[in-house]
Asks: 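Dumping the structure here so I can ask a few things about it.
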Amino acid sequence: MTDTVTDSLLDFGDPADLERLRRDFRTWLADHPLPERCADEPVPVFLHRWHRLLHSGGWVGLDVPREYGGRGLTALHQVAISDELGARGAPGVPRIGYLAHALLEFGSEEQRARLLPRMLSGDDVWCQGFSEPGAGSDLAAMATYAERGPDGRYTITGQKLWTSYAQHSDFCLLLARTERTGAPHASISAFVLPLDRPGVTVRPLRAANGDDEFCELFLDAVRLEEAERIGAEGDGWPLAMTTVSYERNALDTGHLSKYGLLIERLRRRAHEHRESLPDGLLSEIGRCVVDYQVLVAHARRRTAERLAGQAAGPESSVDKLLMTRAEQRLYETALKVFPEELYGEGGEVFGDYLYSRAASVYGGTSQIQRNIIAKRLLGLPGDGRR
Ligand SMILES: Cc1cc2nc3c(=O)[nH]c(=O)nc-3n(C[C@H](O)[C@H](O)[C@H](O)COP(=O)(O)OP(=O)(O)OC[C@H]3O[C@@H](n4cnc5c(N)ncnc54)[C@H](O)[C@@H]3O)c2cc1C
């Protein structure tokens, strides 16, 4: 077993160059340990401190061009940093890569230059306003409407739901309909919504496990300038597809190396307590190891494709499905093998187990990923629904 996942990916880049980057990062980490989370400090506030610290060292947005505040390196460099963090069980790099990609691909030059450096530094915190009470999987059914006036300005009215951490955010990447009729995929547009704009109300929702990740976002005749639209009218759909395809990648988030740590613990336990493990548990551990290795092999291929310039595209649904399967089985098995972690200090595995249940929902449900794979990758006929 290698120390870090991307050791096995080095043959895609210049090994000496990547090794230098890893060494520099390890040196920096030794001088800048993970800050302690204060009592009662909300998770996103703690993660924001971590974000700013990483950015101060130049470790955020490595693959974003220099003129927009990044380092102009490749996706592999960013992946190597995520991997180093995951392998230490540290929180990953801030989850802004997919929003940055949306701005890079669809934003105007002025928007990229103004918004990206502040997004990367953490000066501005962003959230994602796509889902609505009547539009989750069927995003095209969204009802939030942006009416364009004769002066070109928009008046936006509607409601968003499940907007993660909007209460801690400055901007929202918002989708709204700019035509009431017509093909839904051509009538949705994207906007940069400052959350302090008059008419915006953010209402946090308390989840059953006590978390307050989710918010409702109410938009009551919110005025936006034409320059706050991202891309052309109707670009909202391709922008959303780009955003979610980059949201579905296990490598970017350091998840793979984090899973790797737990896989190693499971393997050790299986070797040391082979005789005493309950029936069936050994083969469950085996399945976890296989899922993990399939995911690593798949990530290898996807990394090679990215470095060759291929966009994330519908293949990212395979990434998401494999990641969800590996993660859910891993934490389910880990709780059986280490039941003490249910009640242990911090209950880290239990917390991860609970959150893994959401993996088959956020960023598009597993059923929707299968639909995308069936239609867009395998070319199977649809059932008449989108
Ligand atoms: C942790 C978490 C964070 C999130 N953060 C955000 C965020 O920041 N911003 C944001 O905009 N959204 C966010 N979401 C919302 C998420 O994108 C939606 O929950 C998801 O797209 C599913 O939509 P829904 O909840 O409305 O379920 P529904 O679309 O109502 O689906 C209900 C069930 O029906 C199934 N189903 C629906 N349509 C089909 C079909 N055509 N074929 C087969 N099965 C189908 C689904 O798979 C699901 O099992 C988040 C969700 C979670 C869990």
Side-chain angles (χ1 to χ4, degrees), residues 43-44 47 94-99 102 119 125-144 156 158-177 184-185 188-193 195 200 202-219 230 236-237 239-248 253 255 314 316-317 320-321 323-325 327-328 331 351-376 378 380-386:
V43 172
L47 290 178
R95 297 219 49 219
I96 51 175
Y98 62 104
L99 295 170
M119 178 191 279
V125 178
W126 285 65
C127 62
Q128 179 188 328
F130 290 7
S131 307
E132 297 185 3
S137 301
D138 187 9
L139 200 55
M142 76 176 53
T144 295
I156 304 193
Q159 185 194 345
K160 295 289 165 179
L161 186 59
W162 315 126
T163 320
S164 294
Y165 301 124
Q167 73 275 50
H168 301 290
S169 302
D170 305 294
F171 286 101
C172 177
L173 177 61
L174 180 81
L175 292 183
R177 198 165 268 293
H185 297 182
I188 291 172
S189 303
F191 297 89
V192 179
L193 170 70
L195 288 170
V200 176
V202 175
R203 204 176 76 173
L205 292 169
R206 179 58 52 98
N209 65 355
D211 283 353
D212 58 0
E213 168 171 349
F214 299 126
C215 292
E216 288 175 294
L217 201 62
F218 296 95
L219 307 166
I230 308 174
W237 189 260
L239 178 143
M241 294 307 106
T242 300
T243 309
V244 294
S245 64
Y246 282 102
E247 200 181 352
R248 293 170 184 156
T253 50
H255 276 54
S316 63
S317 291
K320 173 81 193 310
L321 266 189
M323 184 172 109
T324 299
R325 186 182 70 178
E327 178 171 320
Q328 293 188 339
Y331 288 114
D352 285 339
Y353 162 77
L354 284 181
Y355 204 79
S356 75
R357 307 315 303 162
S360 42
V361 179
Y362 60 71
T365 68
S366 291
Q367 288 83 359
I368 294 303
Q369 308 307 338
R370 289 192 181 93
N371 284 354
I372 294 171
I373 292 167
K375 289 185 205 167
R376 297 192 52 200
L378 302 176
L380 298 177
D383 60 1
R385 290 184 289 174
R386 272 186 298 274

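Note that ligands are numbered from 1 as they come in the structure, with each ligand's atoms numbered from 1 the same way. When a residue number appears, it is its place in the shown sequence, counting from 1.
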Asks: Looking only at the side chains, is there a donor atom on one of Q328 and S360 sitting less than 3.5 Å from an acceptor on the other?
Replies: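 Looking only at side-chain atoms, S360 and Q328 do form a donor-acceptor pair, the distance falling under 3.5 Å.
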Asks: What I want to know is whether D138 and ligand 1 share at least one N or O pair that is separated by under 3.5 angstrom.
Replies: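 Between D138 and ligand 1 (N or O atoms, distance only) the closest approach is not under 3.5 Å.
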Asks: Atoms of ligand 1 less than 4.0 Å from F214 heavy atoms?
Replies: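 Within the 4.0 Å cut-off of F214, ligand 1 contributes 1 (C), 2 (C), 3 (C), 4 (C), 52 (C).
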Asks: If you measure from each non-hydrogen atom of E213 to ligand 1, which part falls under 4.0 Å: side chain, backbone, both or neither?
Replies: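 E213 to ligand 1: side-chain contact only, backbone stays beyond 4.0 Å.
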Asks: Could you list the atoms of ligand 1 found under 4.0 angstrom from a heavy atom of V361?
Replies: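 Atoms satisfying the 4.0 Å criterion: 19 (O), 20 (C), 53 (C).
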Asks: Looking only at side-chain N and O atoms, does E213 offer a donor or acceptor that is under 3.5 Å from a partner on Y355?
Replies: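 Y355 vs E213: donor-acceptor pair found between side chains.
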Asks: CZ of R376: more than 12 outside heavy atoms within 6.0 angstrom?
Replies: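 Not more than 12 within 6.0 Å, no.
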Asks: Is there a polar contact, in the sense of an N or O pair closer than 3.5 Å, between Y362 and ligand 1?
Replies: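 Between Y362 and ligand 1 (N or O atoms, distance only) the closest approach is not under 3.5 Å.
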Asks: Ignoring hydrogens and angles, tell me if any N or O in the side chain of K320 forms a donor-acceptor pair with the backbone of Q369 under 3.5 Å.
Replies: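 The answer is no, because no donor-acceptor pair under 3.5 Å joins these two groups.
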Asks: Evaluate S164 for polar contact with ligand 1, using N/O atom pairs at a separation under 3.5 Å.
Replies: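 In this structure, S164 places an N or O atom under 3.5 Å from an N or O of ligand 1.
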Asks: At less than 4.0 angstrom from any non-hydrogen atom of F130, what atoms of ligand 1 do you find?
Replies: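 Close to F130: 11 (O).
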Asks: Does a side-chain heavy-atom distance below 4.5 Å link T163 with V202?
Replies: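 Not in contact.
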Asks: List the residues meeting ring pair (Phe, Tyr, Trp, His ring centres under 6.0 Å) with Y165, not counting sequence neighbours, and say none if there are none.
Replies: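 Residues passing ring pair (Phe, Tyr, Trp, His ring centres under 6.0 Å) with Y165: none at all.
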Asks: Which part of N371 is near ligand 1, with near meaning a heavy atom under 4.0 Å away: side chain, backbone, both or neither?
Replies: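 Side chain only.
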Asks: Would you check the N or O atoms of E132, main chain and side chain alike, for any that come under 3.5 Å of an N or O of ligand 1?
Replies: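 The answer is no, given that E132 and ligand 1 share no N or O pair closer than 3.5 Å.
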Asks: Please state which option from S137, G363, S169 has its nearest heavy atom closest to atom 29 (O) of ligand 1.
Replies: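 Answer by nearest heavy atom: S137.
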Asks: Applying a strict 4.0 Å limit to heavy atoms, is Y165 in contact with ligand 1?
Replies: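 Not so, Y165 does not reach ligand 1.
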Asks: Return the SG to NE2 distance between C215 and H168, rounded to the nearest 0.5 Å.
Replies: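 Result: 7.5 Å between the selected atoms.
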Asks: With sequence neighbours excluded, what pairs up with T365 under the side-chain contact (heavy atoms from CB on, under 4.5 Å) test?
Replies: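 side-chain contact (heavy atoms from CB on, under 4.5 Å) list for T365, sorted by chain: S137, V361, Q367, I368.
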